[in-house]
Asker: 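After the structure tokens below, expect a handful of questions from me.
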Amino acid sequence: MRKLVAVIDDEKDILNLITHHLKREGYQVKTFQSGKDFLLYVNSVPPDLVLLDIMLPGMDGLEICKILKNQPSTESIPIIMITAKSTEADIVVGLELGADDYIVKPFRTRELVARVKSIMRRYTIKDHGDGSFRFGPLRIDPASYEVSVNSQKIDLTTTEFRILATLCEAKGKVFTRDQLLKRKTLWGDEKVVFDRTIDVHIKNLREKLGSAGKMIKTVRGIGYKLEEIQPV
């Protein structure tokens, strides 16, 4: 069955552009020009992914995101925010409310489609039956706390392992530094954790993972995500 993408934007030209390119990739698309119309629809036909403009008339995209993430029937639907606001504060607010990713207007359609595909893969790929996660050359086994790159075992500290496992289980999702700081399960016996603590662990992770360390992407001023290495 083809995946359904809901697109909410008050600009008809943008709706038509996104619809054209997503349909070419085999997705079903349902468009809305207001948050109210979308919310009336979503409870009866939940989409597989939502592309949500922030600046909407009446109810803005941030409020819609908050509503979706606070309802059991819709909280698991992935959301990509589309925004003309490119400031760090605006982007962080959306991510803190539960959005999975964001894209800034004006955007390239190839980039938008690539992000949709990345999020779709993250929500549909399961583990491989043995409890481990695989993403590109990485294999992470939560039961044994083992990590390997191209079948070669990598020695990580417990905290490094937990950070990598968090990024891998939600691959493609941007984690703000604040979200990582608030995850108490990451930090074990570390009593005081600062932004700089996260940066140091990420730096060490990249070095230990070698070429696979490039998969840990810095989202400038916001946080980190795990992303596939694109072929040159």
Side-chain angles (χ1 to χ4, degrees), residues 2-43 45-71 74-124 170-176 179 217-225 227-228 230:
R2 292 191 300 161
K3 298 290 186 180
L4 173 62
V5 179
V7 187
I8 306 94
D9 196 300
D10 60 332
E11 297 182 53
K12 192 163 178 131
D13 288 345
I14 289 181
L15 289 177
N16 290 339
L17 178 68
I18 293 174
T19 298
H20 171 72
H21 285 276
L22 289 180
K23 284 188 172 180
R24 271 182 33 176
E25 296 295 326
Y27 295 106
Q28 297 182 70
V29 182
K30 181 73 176 176
T31 61
F32 305 87
Q33 289 186 274
S34 78
K36 182 179 178 182
D37 290 342
F38 167 68
L39 290 175
L40 288 172
Y41 172 87
V42 71
N43 287 316
V45 186
D48 296 288
L49 182 142
V50 173
L51 288 170
L52 179 60
D53 186 23
I54 288 183
M55 298 177 69
L56 293 168
M59 182 184 300
D60 69 24
L62 295 175
E63 183 61 26
I64 295 168
C65 180
K66 186 176 181 181
I67 290 171
L68 293 178
K69 293 303 179 181
N70 283 312
Q71 292 183 167
T74 57
E75 65 180 354
S76 63
I77 299 174
I79 299 172
I80 299 177
M81 306 297 291
I82 304 174
T83 175
K85 298 181 175 183
S86 58
T87 66
E88 176 184 332
D90 293 316
I91 293 167
V92 167
V93 169
L95 295 173
E96 294 284 9
L97 287 174
D100 293 77
D101 202 353
Y102 69 92
I103 189 163
V104 177
K105 293 180 179 178
F107 53 81
R108 293 173 296 176
T109 52
R110 286 181 63 185
E111 180 185 0
L112 182 139
V113 170
R115 293 193 184 214
V116 168
K117 288 181 176 180
S118 176
I119 297 293
M120 288 289 196
R121 283 195 296 269
R122 172 158 67 83
Y123 276 80
T124 56
K171 41 191 171 287
K173 178 180 175 62
V174 179
F175 284 89
T176 67
Q179 286 173 325
K217 302 291 185 182
T218 300
V219 184
R220 188 174 295 279
I222 298 172
Y224 298 99
K225 66 177 178 177
E227 190 172 83
E228 292 178 87
Q230 298 298 323

Asker: Measuring from atom CG of Asp48 to atom CD1 of Ile119, what distance do you get when rounded to the nearest 0.5 angstrom?
Answerer: 13.0 Å
Asker: Has Gln33 got a side-chain atom pairing as donor or acceptor with Asp10's backbone, closer than 3.5 angstrom?
Answerer: yes
Asker: How long is the span from the SG atom in Cys65 to the CG atom in Leu95, to the nearest 0.5 Å?
Answerer: 9.0 Å
Asker: Between atom OG1 of Thr109 and atom CD1 of Ile14, what is the distance when rounded to the nearest 0.5 Å?
Answerer: 12.0 Å
Asker: Between Lys105 and Asp9, does any side-chain N to carboxylate O distance fall below 4.0 Å?
Answerer: yes
Asker: Return yes if some donor-acceptor pair links the side-chain N/O of Asp60 with the main-chain N/O of Leu56 below 3.5 Å, else return no.
Answerer: no
Asker: Ignoring hydrogens and geometry, is there a side-chain-to-backbone donor-acceptor pair from Ser118 to Ala114 under 3.5 Å?
Answerer: no
Asker: Is any side-chain heavy atom of Tyr102 closer than 4.5 Å to a side-chain heavy atom of Val104?
Answerer: yes
Asker: Is a salt bridge present between Glu25 and Lys3, judged by a nitrogen-to-oxygen distance below 4.0 Å?
Answerer: no
Asker: About how many Å separate CZ of Phe107 and CG of Leu51, when rounded to the nearest 0.5 Å?
Answerer: 8.0 Å
Asker: Report yes if the side chains of Thr74 and Gln71 come closer than 4.5 Å at any heavy-atom pair, otherwise no.
Answerer: yes
Asker: Under 3.5 Å, side chain of Gln179 to main-chain N/O of Thr176, donor-acceptor pair present?
Answerer: yes
Asker: Is there a side-chain contact between Ile79 and Met81 in this structure, where contact means two heavy atoms from C-beta onward sitting under 4.5 Å apart?
Answerer: yes
Asker: Using atom types as modelled and distance alone, determine if a side-chain donor or acceptor of Arg115 lies under 3.5 Å from a backbone N or O of Asp101.
Answerer: no
Asker: Drop me the distance from Leu39's CG to Glu63's CD, to the nearest 0.5 angstrom.
Answerer: 9.0 Å
Asker: May I have the step-by-step check of side chain to side chain contact (heavy atoms under 4.5 Å, CB included) for Val45 and Leu4, ending in yes or no?
Answerer: CA-CA 9 Å; Val45 186; Leu4 173 62; 4.0 Å; yes
Asker: Between Asp37 and Ser34, is a side-chain hydrogen bond (donor to acceptor under 3.5 Å, both in side chains) present by the stated rule, with each step listed?
Answerer: CA-CA 6 Å; Asp37 290 342; Ser34 78; 3.2 Å; yes
Asker: Supply the atom-to-atom distance Leu112 CG to Ile82 CD1, rounded to the nearest 0.5 angstrom.
Answerer: 5.5 Å
Asker: Donor-acceptor pair, Lys69 side chain versus Glu75 backbone, under 3.5 Å?
Answerer: yes
Asker: For Val113 and Arg24, run side chain to side chain contact (heavy atoms under 4.5 Å, CB included): C-alpha distance rounded to whole Å, both residues' side-chain angles, the deciding distance at 0.1 Å, then the answer.
Answerer: CA-CA 10 Å; Val113 170; Arg24 271 182 33 176; over 6 Å; no
Asker: Using the ring of each side chain (for Trp, its six-membered ring), is Phe32 parallel, tilted or perpendicular to Tyr41, with breaks at 30° and 60°?
Answerer: tilted
